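Data first, discussion second: the structure below is written as structure tokens.
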Amino acid sequence: MLDKERGLYVAHCENGPISIVGKMANRHGLIAGATGTGKTVTLQVLAETFCQAGVPCFMADMKGDLSGISQAGRLSGFIEKRKGEFGVEDPQFQPCPVRFFDVYGEKGHPMRATISDLGPQLLARLLGLNETQSGILNIVFRIADERGLLLLDLKDLRSMLDYVAKNAAEFTTVYGNISSASVGAIQRSLLAIESEGADRFFGEPAFDVRDLLDREDGKGVMNVLAADKLMLNPKLYSTFLLWLLSDLYATLPEVGDMDLPKLVFFFDEAHMLFDGTAPALVDKIEQVIRLIRSKGVGVYFVTQLPTDIPDNILGQLGNRVQHALRAFTPKDQKAVRSAAQTFRANPSFRTEEAILELGTGEALVSFLDESGAPSVVEKAKILFPLSQIGAISDSQREEAIRRSRLYGRYDTPVDRDSAFEQLLRESEAAAKAAQEEAQEQERLREEEKLARQQEKEAASRKKNSLGSKVFGAVVAAVTASVANSVSKSVTQSITGKKSGSSGSGSAKKGKSTVGKAATSAANAATRTLTRELTRSILGNLVK
């Protein structure tokens with residue numbers, strides 16, 4: 001609680017109040033301890049103390065317990081017993097201004113990020129990609145950037161993966177090998193996280209981290225993330241919080257050391273941040289933690305064992321609250337020794353033994369002093385919060401959401417023109433062009449076929465015409481020749497008859513009869529010969 005004399009009053013020991021120094025609060029901290037030892041209440045006490053000092057906070061609510069910070073607390077037997085010990089005879093129970101958030105948009109304002117905002121490195125971690133697949137994801141982001149294609153949601157990324165796979169031959173010579181098997185593995189990973197609801201995290205309107213810095217009536221706003229469902233997907237949870245932290249670092253200006261932080265960020269279940277994380281990403285986290293304090297942001301990790309935090313990061317956590325640990329196995333005993341060694345020893349007690357003997361609500365506390373050096377560790381009792389301990393009702397949550405100035409800003413998703421739409425248009429245009437080209441080719445083939453048919457018919461007509469002329473000429477010539485031959489034969493026959501007969505009337509009658517028979521025979525012979533010639537000529541023409 002904020003006190004004029006004691007400042008940011010957090011805990012009380014035999015030697016008096018223990019307060020965190022405001023200008024050292026951005027040097028980060030650690031709240032550790034076994035399950036059920038009071039870590040969540042300690043987080044709530046720290047957060048509402050910062051709130052009263054005008055410092056906004058962000059915290060993940062794993063079980064719904066932290067939602068009680070939005071309601072005023074009330075006197076209980078426990079508080080009645082402790083208030084005199086803490087020197088707080090008349091506790092002023094009060095709520096904190098709270099905004100509720102939820103990645104899934106069910107218990108608070110939606111918090112979204114675009115695919116581009118997350119970037120290939122964090123996305124590869126979320127998807128669980130190997131080194132080769134991560135390399136291809138980097139290539140996809142590079143191509144999208146060069147082509148001006150916006151990657152906003154999962155369907156944009158799927159479209160880009162499909163586009164790159166289909167045009168792999170074009171990109172391989174520039175960026176390296178792009179195998180269809182690796183692209184398929186990435187697509188399957190996208191399908192897996194989509195089935196877990198991660199698709200609701202990606203999209204627009206993207207969350208603006210500057211909305212975490214608000215104050216109301218001089219108090220810092222408590223930004224509470226509903227994480228009970230999010231915890232079922234540990235990679236999404238840790239990747240989301242890491243993105244939020246990275247975005248804060250990239251967005252906020254340098255301010256150096258201030259009397260109070262601009263924002264305090266509580267990272268509950270911090271071990272999830274480092275489980276299965278690639279060394280390159282751990283290095284990035286270390287860099288962000290080291291540098292973000294210059295932006296006025298303090299980061300407090302909440303976990304069971306200090307050993308859950310990599311040493312390079314643990315060494316930067318100057319403000320520490322260590323609740324009880326249990327040592328049932330040799331591994332647990334080693335963890336207790338490691339935790340004890342991180343404190344500046346107090347000659348009054350053995351730190352290692354004290355960690356095992358602490359009761360609920362008790363802790364070993366060591367904050368940085370005015371010069372930035374860690375103070376001697378003290379065995380202390382954490383103050384009780386002035387806000388409600390425990391979860392609130394659904395109606396109280398809904399009322400707080402509707403009262404928020406952010407109500408309506410992020411609630412309705414927006415699907416603007418991006419990679420999916422642009423690649424779809426290009427695909428449709430290419431398909432239309434291919435169809436038109438196929439139709440044009442078909443038209444040309446039909447025209448060519450028709451032209452060949454017309455040429456064939458013309459040649460046939462020409463051949464038939466020439467044959468008819470030849471046939472007519474031949475028939476005429478043959479007919480004339482036959483007629484002439486027959487005529488000569490008949491004449492000769494008649495002439496012969498004439499010279500050997502008398503001029504009697506009987507002879508004349510015989511002559512007339514012979515002449516007619518000869519003429520008839522000649523005509524018949526002509527017709528027969530003509531038919532034979534005609535059949536022969538027509539047969540040759542047909543062949």
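Only a predicted model underlies this, so the values are computations on that prediction, with no experimental measurement involved.
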Check: [Y] main-chain N/O paired with [X] side-chain donor or acceptor under 3.5 Å:
{"X": "Ser366", "Y": "Pro374", "value": "no"}
{"X": "Glu194", "Y": "Gly197", "value": "no"}
{"X": "Glu286", "Y": "Asp283", "value": "no"}
{"X": "Thr412", "Y": "Gly408", "value": "no"}
{"X": "Thr251", "Y": "Leu248", "value": "no"}
{"X": "Asp3", "Y": "Gly7", "value": "no"}
{"X": "Asp61", "Y": "Gly64", "value": "yes"}
{"X": "Gln52", "Y": "Leu2", "value": "yes"}
{"X": "Lys295", "Y": "Leu252", "value": "yes"}
{"X": "Asp102", "Y": "Met111", "value": "no"}

Item to check | Check ion pair Lys219-Asp217 (N to O, under 4.0 angstrom) | outcome: no
Next on the checklist: Salt bridge check, Lys155 against Asp415: does any charged N sit closer than 4.0 Å to a carboxylate O?
Outcome noted: yes
Next on the checklist: Which residue in the set Gln71, Gln44, Gln94 passes side-chain hydrogen bond (donor to acceptor under 3.5 Å, both in side chains) when paired with Ser387?
Outcome noted: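 Only match with Ser387 under side-chain hydrogen bond (donor to acceptor under 3.5 Å, both in side chains): Gln44.
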Checklist entry - Among Thr42, Thr37, Thr360, which residue meets the side-chain hydrogen bond (donor to acceptor under 3.5 Å, both in side chains) test with His323? => result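 The single option meeting the side-chain hydrogen bond (donor to acceptor under 3.5 Å, both in side chains) with His323 is Thr42.
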Is it the case that atom [atom1] in [X] sees more than 12 heavy atoms from other parts of the structure closer than 6.0 Å?
{"X": "Glu14", "atom1": "CD", "answer": "no"}
{"X": "Arg200", "atom1": "CZ", "answer": "yes"}
{"X": "Arg74", "atom1": "CZ", "answer": "no"}
{"X": "Lys107", "atom1": "NZ", "answer": "no"}
{"X": "Asp275", "atom1": "CG", "answer": "yes"}
{"X": "Glu85", "atom1": "CD", "answer": "yes"}
{"X": "Glu5", "atom1": "CD", "answer": "no"}
{"X": "Arg210", "atom1": "CZ", "answer": "no"}

Less than 3.5 Å apart, any donor N or O on the side chain of [X] or [Y] sitting next to an acceptor on the other?
{"X": "Ser375", "Y": "Arg344", "value": "no"}
{"X": "Asp90", "Y": "Gln92", "value": "yes"}
{"X": "Ser182", "Y": "Gln133", "value": "no"}
{"X": "Tyr410", "Y": "Asp211", "value": "yes"}
{"X": "Arg125", "Y": "Ser134", "value": "no"}
{"X": "Ser418", "Y": "Asp156", "value": "yes"}

For [X] versus [Y], what's the shortest heavy-atom pair and its separation?
{"X": "Pro97", "Y": "Glu216", "result": "CB-OE1, 3.4 Å"}
{"X": "Ser70", "Y": "Pro95", "result": "O-CB, 3.2 Å"}
{"X": "Asn26", "Y": "Gly256", "result": "ND2-O, 4.3 Å"}
{"X": "Arg402", "Y": "Tyr407", "result": "NH1-OH, 2.8 Å"}
{"X": "Tyr249", "Y": "Leu291", "result": "OH-CD1, 3.2 Å"}
{"X": "Pro56", "Y": "Asp214", "result": "CB-O, 3.6 Å"}

Next on the checklist: Once you measure the plane-to-plane angle for Phe301 and Phe274, does it fall in the parallel (<30°), tilted (30-60°) or perpendicular (>60°) bin?
Outcome noted: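 Plane angle between 30° and 60°, so tilted.
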Checklist entry - Under 30°, 30 to 60°, or over 60°: which ring-plane class applies to Phe201 and Trp243, parallel, tilted or perpendicular? => result perpendicular
Item to check | side chain to side chain contact (heavy atoms under 4.5 Å, CB included) assessment of Leu123 paired with Phe202 | outcome: CA-CA 11 Å; Leu123 191 59; Phe202 294 107; 4.0 Å; yes
Item to check | Stepwise side chain to side chain contact (heavy atoms under 4.5 Å, CB included) test for Asp332 and Val336 | outcome: CA-CA 6 Å; Asp332 294 338; Val336 170; 5.6 Å; no
Item to check | Verdict with supporting geometry, Asp257 and Arg293, salt bridge (charged side-chain N to carboxylate O under 4.0 Å, His left out) | outcome: CA-CA 8 Å; Asp257 289 330; Arg293 71 176 185 84; 3.4 Å; yes
Next on the checklist: Can you tell me which residue among Phe58, Phe266, Phe265 is in a ring-ring contact (aromatic ring centres under 6.0 Å, His included) with Tyr300?
Outcome noted: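 Per the ring-ring contact (aromatic ring centres under 6.0 Å, His included) rule, the option paired with Tyr300 is Phe266, out of Phe58, Phe266, Phe265.
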Next on the checklist: What verdict does the salt bridge (charged side-chain N to carboxylate O under 4.0 Å, His left out) test give for Asp208 and Arg409, after you've listed the backbone C-alpha separation in whole Å, the side-chain angles of each residue and the deciding distance to 0.1 Å?
Outcome noted: CA-CA 11 Å; Asp208 187 348; Arg409 178 180 298 184; 6.0 Å; no
Checklist entry - Are Gln396 and Ser393 close enough, and set up right, to give a side-chain hydrogen bond (donor to acceptor under 3.5 Å, both in side chains), and what steps lead you there? => result CA-CA 5 Å; Gln396 288 174 317; Ser393 66; 3.3 Å; yes
Item to check | Steps toward side chain to side chain contact (heavy atoms under 4.5 Å, CB included) verdict (Phe50, Leu46) | outcome: CA-CA 6 Å; Phe50 285 125; Leu46 272 171; 4.3 Å; yes
Checklist entry - Could you go step by step and tell me if Phe101 and Phe207 meet the ring pair (Phe, Tyr, Trp, His ring centres under 6.0 Å) rule? => result CA-CA 11 Å; Phe101 295 95; Phe207 183 71; 5.4 Å; yes
Checklist entry - Should the pair Lys379 and Phe349 be classed as cation-pi, given the thresholds of under 6.0 Å to the six-membered ring centre and 45° from the axis? => result yes
Checklist entry - Regarding Lys229 and the six-membered ring of Tyr104, is the cationic atom NZ or CZ under 6.0 Å from the ring centre and inside 45° of its axis? => result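 Satisfied, under 6.0 Å and within 45°.
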Checklist entry - What's the verdict on salt bridge (charged side-chain N to carboxylate O under 4.0 Å, His left out) for Arg416 and Glu204, showing C-alpha distance, side-chain angles and the deciding distance? => result CA-CA 8 Å; Arg416 64 185 173 117; Glu204 289 187 317; 2.6 Å; yes
Next on the checklist: Set out, in order, the CA-CA distance, both residues' side-chain angles and the distance that settles side chain to side chain contact (heavy atoms under 4.5 Å, CB included) for Val10 and Ile18, then state yes or no.
Outcome noted: CA-CA 6 Å; Val10 175; Ile18 301 177; 6.0 Å; no
